[in-house]
Asks: 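Below: one structure in structure tokens.
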Amino acid sequence: MPAQPDLFGPAPLSVKLPLGGELPTLWVRRLTIWKAPREVVRSVELRPGLNFIWSPDPADAGARAAADDAATTGELGHGAGKTLFCRLLRYCLGEDRFAPDPQRLSIGTAFLNGWVSAEVMLKGRPWAVLRPLGIGRGHFAVEGVSPEQLFDRMSEPTGMAPLLDAIEHQILSAKAARLMPVEHRHDAWRVALAWLTRDQECRFDHALDWRAAESDSDSPTRSMSRSRLQDALRVLLAAISPEEMELQLSANAQGEAHRAKLQESARWQWSCEQLRAELLRSLELPASAVPDGRLSIDLLRQTARQKLAQAAKVDPAVDVSQLGELRQRTRDAAQAVTELEQHLTVLSSNLPLHESLLRQLRAELPGSSARVRDAEVPSCPICEVPIDRALAEGCKLSRRPADLAGLRQRHQELTDQIAAKEAEIETVKQHAAAAQGQLPAARATRDKLREVLTKAERLTDSRSSAWGQGRRRLDDIQRLEHAWAAWEQAQTQVFQLQEEIDAKRERLAAFRDQQAAVFASVSTFFDAVIRAVVGPTATGRISLDGNGLKLAVQWGGERSTAAIESLKVIAFDLAVLCMSMEGATRLPAFLVHDSPREADLGLSVYHRLFDLVSGLEGATTSAFQYIVTTTTQPPPESQKEPWLRLELRGAPPEERLLRCDLP
């Protein structure tokens, strides 16, 4: 829609307070750190309007001597406790943690019985909040008393629920709390608190960057997507209706389902492509030989069946019908060869032994023959007188006659042994010759059977492998058909979901058109802040569409430097603060910025921001509370009370927030 010509020029920043809106609906009157009950370490009084917590950088003094002195004493503008002050403030307003774990441990060790308290003003009623700096003690939030009085009720912890319930009902409203895209009780306020008290670690990079992971804050915003944060922002700006929120949640759910189906479709597509390529390689088909898409499945199946039929054919020269019997015959032939070889080995090894025994027996035969011969015509072995004469004349020396029969018997036995051994040797030689003659035929039979068996087994294995491969191909084709059907179904579901999401987006666009007045108002305030801070030739614009929240600054073209980006976020927060002062949002007119200046943001621009905020203050009271911690010096007129609420230094330790070094 074309913009209408602006005949009167942009209006300056102006806030119209509602009746009875002279004070912010929520603000902090005092923050106190206790070493122990009733032992105050530091108490910081705050006020409606602009509040500075300043840790001066020695270089900002502009004097070289001051900087040299600071370098000598170790004084810095950093490390004084500004960020810890903001976190303690958030802690007293309902956030679960006040520092990352190592720092909490150090503070808990140094402040073993320490506490932090705050006086919170809610719709004009005071609330006392008391929370431990150590571990394992109760938390207190009580209306209508002072924090000092809570030390008398240490045995009656209330938790933070009373204050958080009151904030959600009196400021956010129960309706807005129900619309917030959160899951746990009181998370609606904790999300709003994250926006109102941005982490310093976020560096004001984006309007929806509220809590950084390294802050270890346990804020629910750390697990929220950018779209859910945008929905929360719209709820807090009163720029969304329950019907739109329900439609948005449905569209988000369908969007997640759409992304899941897209991933599923991609997985099925990859599976189909891999299976198809593998089947083409296995069937030895070129890709050009099959059509694209599902039509290729029938051709692949037909080719696989043909190859399976070919694999079922049998070579007529090889009988594989009695493979078991052939294996047994081959084993029997091999056993016969083994037995012949073993028998021949035994015969061959025993023959030398028999021949040796025969030689020994033959060697004894001459002596035995001589003894028999001598016994037949004997001589006396003592006197060598022939036996005949000895018998005739009588032997004078020996009375024992020779045993001729015994000698003859022993000679005959020796002769028989020699004949038996010769016959045994001849038998062994005959058996060995017979075995040697049988062995070639047995070996030939064995080798022939082995060759036949090898061919039969190879053919059987080849046929079985080809058959198994053919069955696997058919199974793979079945899997391909299933995967293709699943892919097509996933594609259909993706298309249907996309159509439904597009329809919901059209309806959401209609809802956004209905809520355009809210963002037009934010954009008007944003433009006024940009003009007041950057210059009258600059313009600012805020838009929300299907691509998200966009902040734009036109100043001789659209600017997007790091300093301008952080300035956009600060200006956006201040624009929403102005709307909250008018009662047009579901947020309190309360804002905390921790060190908002980027390094290259001009000091004059930085000071004009605070001059602009100072101009929103009333004569006696203000309808907002804006707390700024800074190392950069505030505007000269704000470097004193009532704007300067606390001045800190990095050294000595007594000048830091906790007035001590941490272990």
Asks: Please name the pair of heavy atoms, one in A589 and one in L577, separated by the smallest distance, quoted to 0.1 Å.
Replies: C-CD1, 3.4 Å
Asks: For the OG atom of S638 and the CZ atom of F610, what is their distance to the nearest 0.5 Å?
Replies: 8.5 Å
Asks: Looking only at heavy atoms, which two atoms of G94 and L164 are closest? And how far apart?
Replies: CA-CD2, 3.8 Å
Asks: When the ring planes of Y91 and F98 are compared, do they come out parallel, tilted or perpendicular, using 30° and 60° as the limits?
Replies: tilted
Asks: How close do D573 and H593 get, heavy atom to heavy atom, and via which atoms?
Replies: OD2-NE2, 2.9 Å
Asks: Please tell me whether K123 and Q170 have a donor and an acceptor in their side chains that are separated by less than 3.5 angstrom.
Replies: no
Asks: Would you call M154 and R137 a side-chain contact if the rule is heavy atoms closer than 4.5 Å?
Replies: no
Asks: If you measure from CG on L657 to CG on L31, what distance do you get to the nearest 0.5 Å?
Replies: 8.0 Å
Asks: Does any N or O in the side chain of R198 come within less than 3.5 Å of the main-chain N or O of A207, such that one atom is a donor and the other an acceptor?
Replies: yes
Asks: Is the count of non-hydrogen atoms from other residues, nucleotides or ligands lying under 6.0 Å from R47 atom CZ greater than 12?
Replies: yes
Asks: Hey, what do you get for CG (L591) to OG (S580), rounding to the nearest 0.5 Å?
Replies: 9.0 Å
Asks: Keeping Q625 on the side-chain end and V28 on the backbone end, is there a donor-acceptor pair under 3.5 Å?
Replies: yes
Asks: Working to the nearest 0.5 angstrom, can you tell me the gap between L567 CG and L609 CG?
Replies: 6.0 Å
Asks: Could you tell me which residues satisfy ring-ring contact (aromatic ring centres under 6.0 Å, His included) with F526, sequence neighbours excluded, listed by chain and number?
Replies: none
Asks: List the steps, then state whether salt bridge (Lys or Arg N to Asp or Glu O under 4.0 Å) holds for D96 with R190.
Replies: CA-CA 9 Å; D96 289 331; R190 291 191 177 99; 3.5 Å; yes
Asks: Flag the pair R87 and E201 as a salt bridge only when some basic side-chain nitrogen lies within less than 4.0 angstrom of an acidic carboxylate oxygen.
Replies: yes
Asks: Side chain of T524, backbone of A520: donor and acceptor closer than 3.5 Å?
Replies: yes
Asks: Any donor-acceptor pair under 3.5 Å linking the side chain of T158 with the backbone of A141?
Replies: yes
Asks: Count the heavy atoms belonging to other residues, nucleotides or ligands that lie under 6.0 Å from CD of E246, then report whether that count exceeds 12.
Replies: no
Asks: Do any N or O atoms from the side chain of W189 and from the backbone of L93 form a donor-acceptor pair under 3.5 angstrom?
Replies: yes
Asks: After noting the C-alpha distance and the side-chain angles of V120 and C92, does the key distance pass the side chain to side chain contact (heavy atoms under 4.5 Å, CB included) rule?
Replies: CA-CA 9 Å; V120 180; C92 289; 5.6 Å; no
Asks: Set out, in order, the CA-CA distance, both residues' side-chain angles and the distance that settles side chain to side chain contact (heavy atoms under 4.5 Å, CB included) for L172 and L236, then state yes or no.
Replies: CA-CA 7 Å; L172 296 186; L236 296 172; 3.7 Å; yes
Asks: Using modelled atom types and a 3.5 Å cut-off, is there a donor and acceptor pairing between side-chain atoms of R586 and backbone atoms of V235?
Replies: yes
Asks: Could you pull out the closest heavy-atom pair between V518 and L237, with the gap in Å?
Replies: CG1-O, 3.3 Å
Asks: Name all pairs fulfilling the salt bridge (Lys or Arg N to Asp or Glu O under 4.0 Å) condition that reach into residues 487-502, sequence neighbours left out, sorted by first residue then second.
Replies: R294-E488
Asks: Shortest non-hydrogen contact from P596 to F204?
Replies: CA-CE1, 3.4 Å
Asks: Could you please spell out the steps behind the side chain to side chain contact (heavy atoms under 4.5 Å, CB included) verdict for L646 and R42?
Replies: CA-CA 10 Å; L646 178 64; R42 190 179 293 278; 3.5 Å; yes
Asks: Under the 3.5 angstrom rule, does the side chain of Q200 hit a backbone N or O of S595 as a donor-acceptor pair?
Replies: no
Asks: Could you tell me whether R104 and D101 make a salt bridge, using a distance below 4.0 angstrom between a side-chain N and a carboxylate O?
Replies: yes
Asks: State, with a plain yes or no, whether a side-chain heavy atom of F525 is found less than 4.5 Å away from one of L574.
Replies: no
Asks: Go through the steps to decide whether V522 and T585 satisfy the test side chain to side chain contact (heavy atoms under 4.5 Å, CB included), and finish with yes or no.
Replies: CA-CA 10 Å; V522 179; T585 72; over 6 Å; no
Asks: Determine, using ring centers only, whether F151 and W34 are less than 6.0 Å apart.
Replies: yes
Asks: Any heavy-atom pair between the side chains of Q263 and R267 that's under 4.5 Å?
Replies: yes
Asks: Flag the pair E148 and R30 as a salt bridge only when some basic side-chain nitrogen lies within less than 4.0 angstrom of an acidic carboxylate oxygen.
Replies: yes
Asks: Treating N51 as the side-chain partner and G49 as the backbone partner, does any N or O pair qualify as donor plus acceptor under 3.5 Å?
Replies: yes
Asks: Would you call K261 and E264 a salt bridge, taking side-chain N to carboxylate O under 4.0 Å as the test?
Replies: yes
Asks: With no hydrogens and no angle check, is any side-chain donor or acceptor of R228 less than 3.5 Å from a backbone partner on P181?
Replies: yes
Asks: Nearest 0.5 Å, what's the CZ-CZ distance between R211 and R222?
Replies: 10.0 Å
Asks: Hey, what do you get for OG1 (T539) to CD (Q554), rounding to the nearest 0.5 Å?
Replies: 5.5 Å
Asks: How close do M581 and A623 get, counting heavy atoms only, and between which atoms?
Replies: CG-O, 3.8 Å
Asks: Please work out which of the three classes, parallel, tilted or perpendicular, describes the rings of W195 and W210, given edges at 30° and 60°.
Replies: parallel
Asks: Whether the S173 and R178 side chains hold a donor-acceptor pair (N or O, under 3.5 Å, no angle test) is what I'd like checked.
Replies: no
Asks: Thinking salt bridges, do R608 and D611 make one under a 4.0 Å N-O criterion?
Replies: no
Asks: Could you tell me whether the side chains of H186 and E168 share a donor-acceptor contact shorter than 3.5 Å?
Replies: no
Asks: Determine yes or no for a side-chain-to-main-chain donor-acceptor pair under 3.5 angstrom, with S523 supplying the side chain and I542 the backbone.
Replies: yes
